[in-house]
Chemist: 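I have a structure here, written as structure tokens, and I will follow up with some questions on it.
Not measured: the values here are computed from a predicted model. One-based numbering, in listed order, for ligands and for the atoms of each.
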Amino acid sequence: MKTKYSLFIGGQPVAGARDAFPVIDPATGERFADCPAASPEQVDQAVAAAAEAFKSWQYSSDEERKAILHRIADAIEANADELAQIVTREQGKPLALAQMEVGGAIAWTRYTAELEIPVKVIEDSEQRLAELHHKPLGVVGSITPWNWPLMIAVWHIMPALRTGNTVVVKPSSLTPFNTLRLVELINEQVPAGVINIVTGEGGIGRAMTGHPHIRKIVFTGSTPTGQDIMRNAADNLKRLTLELGGNDAGIVLPDADLDAVAMGIFQTAFLNMGQTCAALKRLYVHESQYEALCNRLVEIAKQQNVGPGVKEGVTFGPVQNKAQFDLVSELVEDARAQGANILCGGAALPGSGYFYPPTIVADITDGTRLVDEEQFGPVLPVIRYSDIEDVIARANNNPNGLGGSVWGTDIDQARRVAARLECGTTWINNHAEVLPHCPFGGCKMSGFGVEFGEEGLLEYTQSQLLSIKRA
Ligand code: NDP
């Protein structure tokens, strides 16, 4: 794995104009490489290069862009091992999960390549022909987080390119290398300036969101940053897709078959060590099965092999960064102080890495920080309920609205409960599953706009009505 990376501006590798910053390996808590840092002037240069490239890229044909996206997928595939190694090293996740992330990046790229940009005939009469077309927006700015850094970059970049936009990407400063490598690979397939990358903390993201020549920002990350982006984007009325935090509730109905659902609940709560926007983050279990389900979740938690992601046999890696690690520890300690019962885990592993074992917390309820706030880490509060109406109200009594789930055997009943959850996706007997053909996005403080499928694709376009007078 190489440790020297460049920015890419106008098709050229460029050194950062500012002092490089260290990137930490979460398995050791120590710096393992330095990342180049862009200056705000380099953001301007990247935007200018993207704007220049847009002049011709917007008129490239559908067939050309489809073929290019498939070639990008080929390039990711050919470099899959290296990309997975980078993801594990800087993000922390076990190598098998990083390989899955790279596989997802390839699948999403190929699926997006094949999406059609529709032309809708609104009226075809003697008076007129009215058609709704979709045109690219211009320069799109992509700002990505540290949890699924490669896959989320692909989620942002591919629909932007497919629809004829050009892109400036800014990855999280905690996990920049996979995206620097990805953009290097994409650059080999597209004309100069179609994709550009700048890196650097806080100020660089703000330089993009306030930039007068960026037409849209697609952002995945925290709600406070999403709010700042929205304020900053107001000056030139940028379009926004904001995929923000969640505090997804899962409701286990009295008729749930625990043999069938326990593993799924564990996996979707602890996916990526719980650092997944749409992970199951609050589990409400009917009192009739409360203890039995807690016991099963503890059994599964204890089977996890916690350790560095690069080590063979490890199923559970570290938390990605110190701030998140400290937040998880703090929320668990607060729950303990409030009288909750820590059934397993509940203490960081000794050493300098950010290892926190999967933690199940019982005898806890709403009004505790661990339930009310997004933990975004390897701890799941399990909350007892007795009344369906009450649990629906409790699930909805949260500012976030990303996803939610209902677990049970009577699917009609589960559907009725799911329909009443205030969130962008509801799953039955599942959670956290995102698919390239299913639009995904949040409501309330989890953001707005969707990604994926035709609806997601069209968020990168401006509609234009063509009206031809006939009589
Ligand atoms: P942030 O929202 O702060 O960062 C996400 C991205 O936004 C990074 O690329 C960051 O750059 C950039 N950024 C930060 N501030 C600004 C700004 N003012 N304007 C434009 N861009 C900005 O997330 P954190 O990494 O701090 O994580 C904090 C919390 O966010 C987590 O605890 C979790 O709750 C939530 N989160 C949600 C995710 C999701 O998938 N929805 C993913 C990750 C986190 P830089 O790194 O250089 O500061």
Chemist: Closer than 4.0 Å to some heavy atom of P171 - which atoms of ligand 1 meet that?
Modeler: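 Listed by number with element: 9 (O).
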Chemist: For atom 2 (O) of ligand 1, which protein heavy atom lies nearest, and how many Å away is it?
Modeler: S222 OG, 2.7 Å
Chemist: Counting only pairs under 3.5 Å, give me each side-chain donor-acceptor contact of residues 302-311, with atom names and distances, residues two or more places apart or in other chains.
Modeler:
unit_1	atom_1	unit_2	atom_2	d
Q304	OE1	T315	OG1	3.0
Q304	NE2	I300	O	3.2
N305	ND2	G313	O	2.9

Chemist: Only heavy atoms of E201, strictly under 4.0 Å: list the atoms of ligand 1 that pass.
Modeler: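 Result: 47 (O).
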Chemist: Does the N or O separation between T209 and ligand 1 drop below 3.5 Å for any pair?
Modeler: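 Among all N and O atoms of T209, none is under 3.5 Å from an N or O of ligand 1.
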Chemist: Under 4.0 Å from a heavy atom of E243: which atoms of ligand 1 are those, numbered in the order shown and with their elements?
Modeler: 41 (N)
Chemist: Need the ligand 1 atom indices (1-based, order shown) with element for anything under 4.0 Å from a heavy-atom of D228.
Modeler: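 Under 4.0 Å from D228, ligand 1 has these atoms: 17 (C), 18 (N), 19 (N).
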Chemist: Please confirm whether G200 approaches ligand 1 to less than 4.0 Å, judged on its heavy atoms.
Modeler: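 It does; at least one heavy atom falls under 4.0 Å.
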Chemist: Looking at atom 46 (O) of ligand 1, what's its closest protein heavy atom, distance included?
Modeler: S173 N, 3.0 Å
Chemist: Pairs under 3.5 angstrom only: tabulate donor-acceptor contacts from the side chains of residues 337-344 to other protein residues two or more places apart or in another chain.
Modeler:
unit_1	atom_1	unit_2	atom_2	d
N341	ND2	D363	OD2	3.4

Chemist: If you measure from each non-hydrogen atom of F219 to ligand 1, which part falls under 4.0 Å: side chain, backbone, both or neither?
Modeler: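 Within the 4.0 Å criterion, F219 contacts ligand 1 through side-chain atoms alone.
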Chemist: Any atoms of ligand 1 less than 4.0 Å from a non-hydrogen atom of E374? List them with their elements.
Modeler: 33 (C), 34 (O)
Chemist: Under a plain distance cut-off of 3.5 Å, with no hydrogens placed, do W407 and S405 share a side-chain donor-acceptor pair?
Modeler: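 There is such a pair between these side chains.
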Chemist: Is the ring pair F440/F452 parallel, tilted or perpendicular, if the boundaries are 30 and 60 degrees?
Modeler: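 Aromatic pair F440/F452 classed parallel.
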Chemist: Are there protein heavy-atom neighbours of atom 4 (O) of ligand 1 below 4.0 Å?
Modeler: no
Chemist: Under 4.0 Å from atom 41 (N) of ligand 1, do we find at least one protein heavy atom?
Modeler: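 Answer yes: something from the protein, a heavy atom, is under 4.0 Å.
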Chemist: Could you tell me which atoms of ligand 1, counted from 1 in the order shown, lie closer than 4.0 angstrom to a heavy atom of Q324?
Modeler: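 Near Q324, the atoms of ligand 1 are 31 (C), 32 (O).
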Chemist: Do the rings of H437 and Y111 sit parallel, tilted or perpendicular, given the 30° and 60° boundaries?
Modeler: tilted
Chemist: Which bit of T144 is near ligand 1, meaning a heavy atom under 4.0 Å away: side chain, backbone, both or neither?
Modeler: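 The backbone, only.
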Chemist: Go through it in stages, so that I can follow the logic: the residues are R89 and F177, the test is side-chain contact (heavy atoms from CB on, under 4.5 Å), and I'd like the CA-CA distance, side-chain angles, deciding distance and then a yes or no.
Modeler: CA-CA 10 Å; R89 191 72 201 273; F177 296 130; over 6 Å; no
Chemist: Counting only heavy atoms, which portion of L244 has something under 4.0 Å from ligand 1: side chain, backbone, both, or neither?
Modeler: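 Only the backbone of L244 comes within reach of ligand 1.
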Chemist: Under a 3.5 Å cutoff, is there a donor and acceptor pairing between the side chains of D366 and Y284?
Modeler: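 Yes, a side-chain donor-acceptor pair sits under 3.5 Å.
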Chemist: Going by heavy atoms in the side chains, are R394 and R282 under 4.5 Å from each other?
Modeler: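 Contact flag for R394/R282 side chains = no.
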Chemist: Backbone, side chain, both or neither: what part of R206 comes under 4.0 angstrom of ligand 1, heavy atoms only?
Modeler: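 Both parts.
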Chemist: Evaluate the ring planes of F325 and Y354, with Trp represented by its six-membered ring, and classify them as parallel (under 30°), tilted (30 to 60°) or perpendicular (over 60°).
Modeler: tilted
Chemist: For atom 12 (C) of ligand 1, grab the closest protein heavy atom and report residue, atom and distance to one decimal in Å.
Modeler: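 Minimum-distance protein heavy atom for atom 12 (C) of ligand 1 reads I143 CG2, 3.6 Å.
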Chemist: How far is atom 13 (N) of ligand 1 from the closest protein heavy atom, and which atom is that?
Modeler: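 Answer for atom 13 (N) of ligand 1: T225 CG2, 3.7 Å.
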Chemist: Between the side chains of H134 and T163, is a donor N or O closer than 3.5 angstrom to an acceptor N or O?
Modeler: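 T163 and H134 do not have a side-chain donor-acceptor pair below 3.5 Å.
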Chemist: Taking R369 first and then D334, would you say they form a salt bridge - that is, a charged N and a carboxylate O separated by under 4.0 Å?
Modeler: no
Chemist: Could you label the plane-to-plane angle of the H211 and H213 rings as parallel, tilted or perpendicular, counting under 30° as parallel and over 60° as perpendicular?
Modeler: tilted
Chemist: For M208, which part has a heavy atom under 4.0 Å from ligand 1: side chain, backbone, both, or neither?
Modeler: neither
Chemist: Within this structure, what is the OG1-CG distance for the pair T461 and N165, rounded to the nearest 0.5 Å?
Modeler: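 One finds 8.5 Å between OG1 of T461 and CG of N165.
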Chemist: If you count the atoms of ligand 1 from 1 in the order shown, which ones are under 4.0 Å from a heavy atom of C277?
Modeler: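 The list of qualifying atoms is 39 (C), 40 (O), 41 (N).
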Chemist: Between S142 and H156, do the side chains contain a donor N or O and an acceptor N or O under 3.5 Å apart?
Modeler: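 Their side chains do contain a donor-acceptor pair, which is all the 3.5 Å distance test asks for.
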Chemist: Considering only protein heavy atoms, which is closest to atom 20 (C) of ligand 1, and at what distance to one decimal place?
Modeler: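 Ranked first by proximity to atom 20 (C) of ligand 1 is G205 C, 3.4 Å.
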Chemist: Any chance CG of D326 has more than 12 other-residue heavy atoms, nucleotides or ligands included, within less than 6.0 Å?
Modeler: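 Yes, enclosed.
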Chemist: Can you tell me which portion of A323 lies within the under-4.0 Å heavy-atom range of ligand 1? Options are side chain, backbone, both, or neither.
Modeler: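 Neither part.
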Chemist: For atom 10 (C) of ligand 1, what is the closest protein heavy atom, and at what distance to 0.1 Å?
Modeler: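 Answer, as residue, atom name and distance: K170 NZ, 4.0 Å.
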Chemist: Output yes when E374 and K281 qualify as a salt bridge under the 4.0 Å nitrogen-oxygen rule, no when they do not.
Modeler: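 Between K281 and E374 there is a salt bridge, with a charged N closer than 4.0 Å to a carboxylate O.
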Chemist: Looking at ligand 1, does any of its N/O atoms fall within less than 3.5 Å of an N/O of F376?
Modeler: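 So ligand 1 has no N or O lying under 3.5 Å from an N or O of F376.
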Chemist: Nearest protein heavy atom to atom 27 (O) of ligand 1, by residue and atom, and its distance?
Modeler: W146 NE1, 3.4 Å
Chemist: To check your reading of the model: name the closest protein heavy atom to atom 43 (C) of ligand 1, its residue, and the distance in Å.
Modeler: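 Residue, atom and distance for the closest contact: P145 CB, 3.4 Å.
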Chemist: Does P224 come within less than 4.0 Å of ligand 1, judged by its heavy atoms?
Modeler: no
